[in-house]
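Worksheet: the structure to be examined is printed underneath.
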Amino acid sequence: MFEKTGEVVTINPSKCSARVKFDDQDDSISAELQVVTKGSIKNKDYWMPKIGEQVYCSFTQEKKGFIVGSIYSDLDEPPVIKDSIRALHFEDGTKLEYNTEDKTLSIDCVGPITIKSIGNVNVIGDVIADGISLKNHTHTGTTPPVGGSS
């Protein structure tokens with residue numbers, strides 16, 4: 001096996017593959033290389049590198065190649081620099097981050113969020129919207145909701 005890095009020049013989302021330009025080979029362009037994912041049968045993960053993205057590729061002795069992942073560079077730095085944070089940042093500005101130190105999941109979404117559930121959605125703890133507590137807010141002249149606090 002051998003490895004090399006290059007720049008994505010075309011993508012094929014339906015085949016989860018891309019072609020890569022390798023500077024160390026006079027800008028030669030690869031055949032379509034499959035993009036390695038974290039799951040492809042029952043639990044599926046999907047991502048495609050963007051055109052222009054730097055990727056790390058691995059090739060078998062038979063020269064069958066795979067895109068193993070993307071690499072950061074001086075031009076494209078990591079979105080977070082802290083080992084306790086796992087982050088997923090999207091090009092539209094939406095961010096998901098989990099901090100293992102303070103056990104906090106943060107979601108910063110630039111669009112609507114839809115939760116679809118066949119069963120109930122259970123929240124343990126309080127829900128606070130714009131500073132108003134679902135459990136502890138009061139209305140004058142009414143009784144608290146069933147299961148709510150007074």
- Item | Verdict with reasoning, K82 to N99, per side-chain contact (heavy atoms from CB on, under 4.5 Å) | CA-CA 9 Å; K82 188 169 184 182; N99 187 324; 4.3 Å; yes
- Can you get from V55 to M48 by hopping between Ile, Leu, Val, Met, Phe, Trp and Tyr side chains that sit under 4.5 Å apart? yes
- Do D126 side-chain atoms and L134 backbone N/O form a donor-acceptor pair below 3.5 Å? yes
- Do E97 and D108 come close enough that some side-chain heavy atom pair is under 4.5 Å? no
- Message: Classify the ring geometry of F2 against F59: parallel below 30°, tilted from 30° to 60°, perpendicular beyond 60°.
- Response: parallel
- Query: Considering all heavy atoms of both residues, which atom of D92 and which atom of T94 are nearest to each other, and what is their separation?
  - Reply: OD1-N, 2.9 Å
- Item | Apart from I132 itself, residues in the same hydrophobic cluster as defined by side-chain heavy atoms under 4.5 Å | none
- Same hydrophobic cluster for V36 and V20, using side-chain heavy-atom links shorter than 4.5 Å among ILVMFWY? no
- Query: Which value, rounded to the nearest 0.5 Å, describes the distance between T5 atom OG1 and I71 atom CD1?
  - Reply: 5.0 Å
- Task: Return yes if a side-chain donor-acceptor contact under 3.5 Å exists between S70 and E53, otherwise no.
- Result: yes
- Mind running side-chain contact (heavy atoms from CB on, under 4.5 Å) on K4 and Y56 for me, showing each step along the way? CA-CA 6 Å; K4 45 183 20 185; Y56 175 78; over 6 Å; no
- Query: Which distance, rounded to the nearest 0.5 Å, do you find between the CG of L96 and the CD1 of I107?
  - Reply: 5.0 Å
- Do E32 and N12 have side-chain atoms, one donor and one acceptor, less than 3.5 Å apart? yes
- With sequence neighbours excluded, residues passing side chain to side chain donor-acceptor pair (under 3.5 Å) with T104: D102
- Item | Expected output: side-chain Y46 to main-chain P13 donor-acceptor under 3.5 Å | yes
- Message: Once rounded to the nearest 0.5 Å, what's the spacing between atom OH of Y72 and atom CD1 of I81?
- Response: 10.0 Å
- Query: If you measure from OG on S30 to NZ on K63, what distance do you get to the nearest 0.5 Å?
  - Reply: 13.0 Å
- d(E7 CD, R19 CZ) to nearest 0.5 Å is 14.0 Å
- Check whether more than 12 heavy atoms from other residues, nucleotides or ligands sit under 6.0 Å from atom CG of N43, and answer yes or no. no
- Can you tell me how far the CD atom of Q61 sits from the CE atom of M1, to the nearest 0.5 Å? 9.0 Å
